[in-house]
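Just the heavy atoms: all of them, side chains too, but no hydrogens, waters or symmetry mates, feed the values below. When a ligand or atom number is given, it counts from 1 through the structure's own listing order.
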Amino acid sequence: MDKSADKELVQEYFNTTGFERWRKIYSDTEKVSKVQQDIREGHQRTVDQVLYWLKYKGRVEGTTVCDAGCGVGSLSIPLAKMGAKVFASDISEKMIHEAKERIGSADNPVFAVSDLESITGSYDVVVCLDVLIHYPTEQALAMLTHLAKLAKTRLIISFAPKNWFYDLLKKIGSLFPGASKTTRAYLHQENVLKRRLHSLGFQVARSELIASQFYFALIFDAIRTA
Ligand code: SAH
């Protein structure tokens, strides 16, 4: 499949069935299934971990943050409330519409429809959570390369790590609930992403694995060193 085909499928998914599924998961009031509840809690732990790093291993107030593939604003909205100036974008119009609804008349974050390869500008911190799982490693690496150019001091990403254990779970189908409910999930090797970040002038200062029954993400906090 060529690159743009992958992207179009992902975009289509997050404007239709994917939007309905994830809008519910990324809310705390909507009723969801047990599996979805597990994913909701796992994702919330990822968001909380990132907020924690930004708060205690740095400064939030007054910093500029770009949230690439922001979804409904699960990270961006609390971050803006903590005093960061947030630019958040997503390839899905539906997601951005929902995110805007959630902030009402507030003007921070600024939400925009855009794929992450088209984001321009320069931000203290660039964050990209749970997006890379939708792309093959080659494309994920190209995305990192683009995001790194936008990040002045720090790049925080999450992805599903590829190792024998998760490979096995994926094969026996117990990790991802029903292929029809989601897009293909791509796992990435930790070291491959680390090496790319390194060559882009970033060092992974800390990482955290968030794992539950149906959700797993490895989060990297990469700091610019060059
Ligand atoms: N980062 C958010 C949302 C994760 S869901 C959070 O953690 O809460 C993945 C999101 O990535 C979806 O909203 C999807 O529309 C978006 N996405 C997928 N491919 C993208 C791309 N190429 N550019 C921008 N956004 C993308």
Practice item. Give the residue, atom name and distance (to 0.1 Å) of the protein heavy atom nearest atom 13 (O) of ligand 1. Key: Asp90 OD2, 2.6 Å
Review point. Which atoms of ligand 1 sit under 4.0 Å from any heavy atom of Val10?
Key: 18 (C), 19 (N)
Review point. What protein heavy atom sits nearest atom 9 (C) of ligand 1, and how far away is it?
Key: Asp130 O, 3.5 Å
Point to revise | Nitrogen or oxygen atoms of Tyr135 and ligand 1 under 3.5 Å apart | key: yes
Check your understanding: N/O of Met95 under 3.5 Å from N/O of ligand 1, yes or no?
Key -> no
Exercise for review: Please confirm whether Ile91 comes within less than 3.5 Å of ligand 1 when only nitrogen or oxygen atoms on both sides are compared.
Suggested key: yes
Revision key, fill the gap. Looking only at non-hydrogen atoms, the one of Phe14, Trp22, Tyr26 nearest atom 14 (C) of ligand 1 is Phe14
Review point. Just heavy atoms, cut-off under 4.0 Å: does Cys128 contact ligand 1 by side chain, backbone, both, or neither?
Key: neither
Check your understanding: Quick one: do Glu98 and Arg102 make a salt bridge, cutoff under 4.0 Å?
Key -> yes
Practice item. Could you check His134 against Tyr186 for ring pair (Phe, Tyr, Trp, His ring centres under 6.0 Å), going step by step and ending with a plain yes or no? Key: CA-CA 6 Å; His134 300 294; Tyr186 295 95; 8.7 Å; no
Practice item. With heavy atoms under 4.0 Å as the rule, classify the contact between Ser89 and ligand 1 as side chain, backbone, both or neither. Key: neither
Check your understanding: How far does CG of Leu193 sit from CG of Leu218, to the nearest 0.5 angstrom?
Key -> 9.0 Å
Exercise for review: Determine, using heavy atoms of Ser158 and all atoms of ligand 1, whether some pair is separated by less than 4.0 Å.
Suggested key: no
**Study point:** Separation of Lys149 NZ from Ile119 CD1 (nearest 0.5 Å)
**Key:** 12.5 Å
Review point. Is the closest heavy-atom distance from Leu75 to ligand 1 below 4.0 Å?
Key: no
**Study point:** Heteroatom distance test (His43, ligand 1): nitrogen or oxygen, under 3.5 angstrom
**Key:** yes
Review point. With the threshold set at 4.0 Å, does a side-chain nitrogen-carboxylate oxygen contact exist between Lys162 and Glu190?
Key: no
Check your understanding: Are a donor atom and an acceptor atom from the side chains of Tyr123 and Thr63 found within less than 3.5 Å of each other?
Key -> no
Check your understanding: Would you call Glu117 and Lys7 a salt bridge, using N to O less than 4.0 angstrom?
Key -> yes
Practice item. Please state whether the rings of Phe220 and Phe159 are parallel, tilted or perpendicular, taking 30° and 60° as the class boundaries. Key: perpendicular
Check your understanding: Taking NZ, NE, NH1 and NH2 as the nitrogens, is one of them in Asp221 or Arg154 under 4.0 Å from a carboxylate oxygen of the other?
Key -> yes
Exercise for review: State whether the shortest distance between N or O atoms of Met143 and N or O atoms of ligand 1 falls below 3.5 angstrom.
Suggested key: no
